[in-house]
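Here the structure is laid out as structure tokens; the discussion comes afterwards.
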Number of protein chains: 2
Amino acid sequence: MTEQLSSEKQAAILDAARKRFAYYGFSKVTMDEIAADIGMGKASLYYYFPTKESLFQEVVRQESNQFLGDIQSMIDDRIKPCDMLRQYALRRIEHFKNLANLRALQFQQNSEVRLPFVELFNDFKKQEVNLLQQILVIGKKSGEFAISDPQHSAVIVMQMLYGPRAWILHSRENKLDEETFLAFEQSAKEIVEIILNGIKKRK
Amino acid sequence: MTEQLSSEKQAAILDAARKRFAYYGFSKVTMDEIAADIGMGKASLYYYFPTKESLFQEVVRQESNQFLGDIQSMIDDRIKPCDMLRQYALRRIEHFKNLANLRALQFQQNSEVRLPFVELFNDFKKQEVNLLQQILVIGKKSGEFAISDPQHSAVIVMQMLYGPRAWILHSRENKLDEETFLAFEQSAKEIVEIILNGIKKRK
DNA sequence: TTTTCGACGGAATTACTGAAACAGTCGAAT
DNA sequence: ATTCGACTGTTTCAGTAATTCCGTCGAAAA
């Protein structure tokens with residue numbers, strides 16, 4: 001079980017890295033610090049992870065996959081669609097909490113928004129939309145959700161959860177080009193309709 | 001009508017300032033540029049406005065008051081509550097467009113988020129919530145909205161419109177303290193319920 | 001053979017400094 | 001009452017020196 005020992009060390013590194021990254025963000029953590037946390041030399045970290053970036057990515061990937069896996073198995077359990085959606089949303093809040101400052105960093109300093117990280121987060125977002133679509137399709141088929149296009153609705157609900165503002169900041173160079181604005185305007189209008197449905201009295 | 005002439009000049013300054021500020025943000029606009037736009041010397045601007053900051057504030061205040069005034073008079077017209085809410089949301093998108101980069105600046109660089117501006121925007125937010133509350137109270141009284149607490153709902157809808165993410169970035173030093181997170185968590189959960197109501201099939 | 005680490009090189013970040021830009025003032029001109 | 005050129009003190013910025021930190025390597029330990 002030498003491999004077991006190796007992955008134990010690896011897990012320890014990932015754990016220490018997660019704690020530091022989640023609190024201080026990527027650039028304000030040094031490899032020396034992470035190594036010191038688990039009583040190792042910095043050079044040893046490079047035996048397990050080729051770069052600092054890959055270590056960070058692995059931390060995010062692990063946490064994200066945990067979340068996505070949980071949701072997927074919940075869907076597979078075939079509980080009521082209504083509860084699926086509620087559980088998903090609550091679990092999502094939890095997940096966001098775990099990666100709090102890690103994710104918040106997306107919307108902070110430009111310097112932190114490195115291309116590989118953007119790709120990582122966008123990939124996660126895509127998978128999340130996909131899960132949401134599954135839930136909505138099930139909800140529609142079973143007749144519990146009054147939606148015409150689950151694919152479309154999923155994107156809107158996601159947008160709602162991410163917040164319209166996040167959208168804008170995502171646009172290149174923090175500037176509002178016409179294209180970005182039209183997309184924002186469109187989804188903002190659709191969100192309004194959902195809000196209306198949400199608070200209108202049932203007939 | 002010498003005063004009329006004065007306020008005409010003042011209006012011209014405000015107009016030039018609005019155009020520049022809305023596009024480039026506060027710090028990337030110089031008083032010289034604004035003055036040049038209307039063919040005046042910079043020093044003359046200081047005859048009408050004591051500081052650059054006061055000029056900026058006046059621009060925001062004017063645009064905001066226009067918006068708030070429009071909504072108020074729409075409410076006074078006593079149209080259907082449902083249309084009130086829809087109109088409000090659409091007009092809000094329009095308003096946001098006018099102040100696009102002016103407002104976007106709230107969520108960008110730290111350097112731009114100066115205390116007097118935060119207060120200005122928070123003040124606007126308060127007034128906006130108040131209008132929204134009026135609409136919801138009317139909607140509830142007339143029996144068109146199925147909400148228990150209009151005061152509370154107004155805050156939630158606002159949060160939805162501003163986006164939960166914006167909330168987080170608002171917190172001091174861009175750091176997620178416990179208090180901020182609890183507030184976020186609470187409202188996120190409530191937003192979930194609204195989403196659910198919005199897409200659930202009517203019985 | 002697998003894992004750890006001290007010591008080192010080079011790239012990137014920070015701290016520093018001098019020059020340029022800018023907000024705001026003042027007194028004269030209109 | 002209103003405009004403006006010329007000036008001042010502060011802030012911003014570009015360029016540079018000093019430092020930090022990522023990542024490597026060869027030796028040592030297990």
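Protein chains get the first letters and strands the later ones, always in sequence-line order, with residue 1 at the start of each. Everything quoted here is computed from the prediction, not taken from an experiment.
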From CD1 of A:I13 over to C1' of D:dG23, roughly how many Å is that when rounded to an integer?
15 Å

Which pairs count as salt bridge (Lys or Arg N to Asp or Glu O under 4.0 Å) when at least one residue sits in residues 71-81 of chain A, sequence neighbours excluded?
none

To the nearest angstrom, the CE-C1' distance between A:M31 and D:dT20 comes to 15 Å

Under the side-chain hydrogen bond (donor to acceptor under 3.5 Å, both in side chains) test, which residues partner B:Q87, sequence neighbours left out?
none

Taking only residues two or more places apart in sequence or in another chain, which ones pass salt bridge (charged side-chain N to carboxylate O under 4.0 Å, His left out) with B:D37?
B:R20

How many whole angstroms separate atom CG of B:D32 from atom P of C:dG24?
12 Å

When rounded to whole Å, the CE to C1' distance for the pair A:M40 and C:dG6 reads 14 Å

Go through the structure and list residues passing side-chain hydrogen bond (donor to acceptor under 3.5 Å, both in side chains) with B:Y88, not counting sequence neighbours.
B:E128

Between the first and last five pairs of the helix from C:dT1-D:dA30 to C:dT30-D:dA1, the angle of the axes, rounded to 10 degrees
40°

In this structure, CD of B:E58 is separated from CD of B:Q62 (nearest 0.5 Å) by 6.0 Å

Who are the side-chain hydrogen bond (donor to acceptor under 3.5 Å, both in side chains) partners of A:S54, not counting sequence neighbours?
A:T51

Would you say a side-chain N or O of B:Y47 is under 4.0 Å from OP1 or OP2 of D:dC4?
no

Look at the side-chain N and O atoms of B:S44 and state whether any lies under 4.0 Å from the OP1 or OP2 oxygen of D:dC4.
yes

For B:S44, which residues count as a side-chain contact (heavy atoms from CB on, under 4.5 Å) partner, sequence neighbours excluded?
B:M40

Can you sort out the partners of B:V137 under side-chain contact (heavy atoms from CB on, under 4.5 Å), two or more places apart, ordered by chain and number?
B:K141, B:P150

How would you list, by chain and number, every residue that makes a ring pair (Phe, Tyr, Trp, His ring centres under 6.0 Å) with A:F67, sequence neighbours excluded?
A:H95, A:F124

When you check every protein heavy atom under 4.0 Å of nucleotides 24-30 of chain D, what one-letter string (B, S, -) results, 5' to 3'?
BB-----

Residues passing the salt bridge (charged side-chain N to carboxylate O under 4.0 Å, His left out) test with B:D123, sequence neighbours excluded, are none

Protein-nucleotides 9-11 of chain C N/O pairs closer than 3.5 Å?
none

Starting from P on D:dT20, measure out to NZ on A:K28 and report it in whole angstrom.
17 Å

Min side-chain heavy-atom separation A:I71-A:M74 under 4.5 Å:
yes

Measure CD/B:E53 against C1'/C:dG24 and give the value in whole Å, please.
13 Å

Rounded to whole angstrom units, what separation is found between the CG atom of B:L45 and the C1' atom of C:dT25?
14 Å

When rounded to whole Å, the CZ to C1' distance for the pair B:F49 and C:dT25 reads 18 Å

